[in-house]
Amino acid sequence: VTQMYDEFQIPHGTPSQTETILGGAWPGYLFTNAPQGDPGIQSIGVPIAGGGAGLGGFSYGDVLGAGLGWAKSILFQPRARDLFTDFFARPDTFSLGVCNGCQMLSACKEIIPGAAAWPRFVRNRSDQFEARLALVEVAKTSSVLLTGMAGSRIPISVAHGEGRVEFSSDASRNQLEAADLVAARFVDHLGRATERYPENPNGSPHGITAVTSTDGRATLFMPHPERVFRAVQYSWRPRGWREDGPWMRLFRNARVWVG
């Protein structure tokens, strides 16, 4: 599994890089790092990977918009664009975008099969950075990373300033929902999708906070499942929880997918 990050963001990695590597180590698969500007991405990274994970926050300072600088470093470099286009088209690969990686992949939807209906991510309705624990419900979709998790209501870490989904029109949002491409929603204490703050920290319509592609191989999360995959990472948890938290299932599903 190749971990993509913007090398200009933090020279030695990216936020959540270590958590994602550790989450993958539990089920027993190998991560390699592929900085965008490193020649290794052309030789040992994307071409042979079984999966790709885009992580982190504020790539290129997000001066062009959330994740847009990172996305353009792929879309406007012919070699990188060809590599990623081929990777996304391969039927034996999966992709995970979290936070800034979610924003970046959504901006790359033109080269991701089955992603045409994805939204873009804009400034939170609160107009401030939101960092908290929120509750989401996993929807029934074809996402290979969320297999067996539909209907689960799970606390998840939130840390973003531009996480509100925005569609070009209501028809676009309806298309996404009708195609069962909404992978998770913020919900209230009764399990109802919500737009109310702070249960929905960014104000996304219908509580939408994760989406997937039509074949389920690409999944985007604005919140951070990789930061709460261990039971001890929760301030409170049911007594029956041992080592693993519920989000470990996402990593185990990825392990099953890569074989």
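The side-chain contact (heavy atoms from CB on, under 4.5 Å) test applied to Val232 returns Arg230, Arg237, not counting sequence neighbours. Partners of Arg125 according to the salt bridge (Lys or Arg N to Asp or Glu O under 4.0 Å) rule, which considers only residues two or more places apart in sequence or in another chain, do not exist here. For the salt bridge (Lys or Arg N to Asp or Glu O under 4.0 Å) test, residues two or more places apart in sequence or in another chain that qualify with Glu137 are Arg153. With sequence neighbours left out, the salt bridge (Lys or Arg N to Asp or Glu O under 4.0 Å) criterion links Arg249 to no other residue. For Asp215, the salt bridge (Lys or Arg N to Asp or Glu O under 4.0 Å) partners are Arg217, not counting sequence neighbours.
By the 4.5 Å heavy-atom criterion applied to side chains, Glu195 and Pro205 are counted as neighbours. Using a 4.5 Å heavy-atom cutoff, the side chains of Ile154 and Leu135 are not in contact. Under the 4.5 Å side-chain criterion, counting only non-hydrogen atoms from C-beta, Asn200 is not in contact with Arg196. The closest side-chain heavy-atom distance from Val211 to Leu176 is below 4.5 Å. Side-chain contact between Phe87 and Asp82 is absent, with no heavy-atom pair separated by less than 4.5 Å. For the pair Arg173/Ile208, a side-chain contact is recorded, criterion being any heavy-atom separation below 4.5 Å from C-beta on. Inter-residue side-chain proximity for Val187 and Val136 is flagged as unmet; no heavy-atom pair is nearer than 4.5 Å. A heavy-atom distance below 4.5 Å is found between the side chains of Leu181 and Thr214.
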TODO: Any chance you could lay out the side chain to side chain contact (heavy atoms under 4.5 Å, CB included) test for Arg81 and Glu110, step after step, and finish with the verdict?
DONE: CA-CA 11 Å; Arg81 184 185 179 107; Glu110 65 190 74; 2.9 Å; yes
Open item on the list: For Leu250 and Leu146: C-alpha separation, side-chain torsions, deciding distance, then whether side chain to side chain contact (heavy atoms under 4.5 Å, CB included) applies.
Closed with: CA-CA 6 Å; Leu250 181 150; Leu146 299 175; 4.1 Å; yes
TODO: Take Leu83 and Arg79 through the side chain to side chain contact (heavy atoms under 4.5 Å, CB included) test and state the conclusion after the steps.
DONE: CA-CA 6 Å; Leu83 284 171; Arg79 174 59 174 162; 3.9 Å; yes
- [ ] Determine, stepwise, if the pair Glu226 / Val98 fulfils side chain to side chain contact (heavy atoms under 4.5 Å, CB included).
- [x] CA-CA 9 Å; Glu226 82 287 356; Val98 176; 3.5 Å; yes
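Remark: side-chain polar atoms of Asn253 are not paired, donor with acceptor, to backbone N or O of Trp257 under 3.5 angstrom. Asn202 places a side-chain N or O within 3.5 Å of a backbone atom of Gly163 that can act as its donor or acceptor partner. Side-chain atoms of Gln175 never come within 3.5 Å of backbone atoms of Ala171 as a donor-acceptor pair (strictly under, hydrogens ignored). Put simply, the side chain of Arg164 gets close to the backbone of Arg123: a donor and an acceptor are under 3.5 Å apart. A donor-acceptor contact shorter than 3.5 Å links the side chain of Gln233 to the backbone of Phe229. With Asp188 contributing its side chain and Thr194 its backbone, the two residues share no donor-acceptor pair below 3.5 Å. In this structure a side-chain-to-backbone donor-acceptor pair under 3.5 Å is present from Ser169 to Ser172. In this structure, the side chain of Tyr234 does not engage the main chain of Gly245 through any donor-acceptor pair within 3.5 Å.
Here the closest heavy-atom approach between residue Leu75 and residue Ala107 is recorded as CD1-O, 3.6 Å. Annotation for Pro78 and Phe76: closest pair CD-O, 3.6 Å, computed over non-hydrogen atoms. Taking both residues in full, the closest heavy atoms of Trp241 and Ala231 are given as CB-CB, 4.1 Å, listed atom of the first, atom of the second, then distance. When all heavy atoms are compared, the tightest approach of Ser73 to Ala80 is O-CB, 4.1 Å. Closest heavy-atom contact between Val165 and Ser204: N-OG, 2.9 Å. Nearest approach of Asn100 to Gln103, heavy atoms of both residues: ND2-OE1, 2.7 Å.
Taking CZ of Arg252 as the start and CH2 of Trp247 as the end, the distance is 15.0 Å to the nearest 0.5 Å. To the nearest 0.5 angstrom, Met222 atom CE is 8.5 Å from Asn124 atom CG. How far NE2 of His224 is from SG of Cys99: 3.5 Å, rounded to the nearest 0.5 Å. Here CD of Glu162 is found 8.5 Å from CG of Leu68. Values are rounded to the nearest 0.5 Å. To the nearest 0.5 Å, atoms CG (Leu220) and CG (Leu105) are separated by 5.5 Å.
Using a 4.0 Å cut-off between charged side-chain N and carboxylate O, Arg185 and Glu177 make a salt bridge.
Phe84 and Phe88 have tilted rings, their planes meeting at an angle from 30° to 60° on a 0 to 90° scale.
Checked by atom type, the side-chain pair Glu130/His160 shows no donor-acceptor distance below 3.5 Å. Side-chain atoms of Ser143 and Thr219 form a donor-acceptor pair, as typed in the model, at a separation below 3.5 Å.
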Which atom pairs, donor and acceptor, lie under 3.5 Å between side-chain atoms of residues 114-122 and protein residues at least two apart or in another chain?
from: Trp118; atom 1: NE1; to: Thr212; atom 2: O; distance (Å): 3.0
from: Arg120; atom 1: NE; to: Glu166; atom 2: OE1; distance (Å): 2.8
from: Arg120; atom 1: NH2; to: Glu166; atom 2: OE1; distance (Å): 2.5

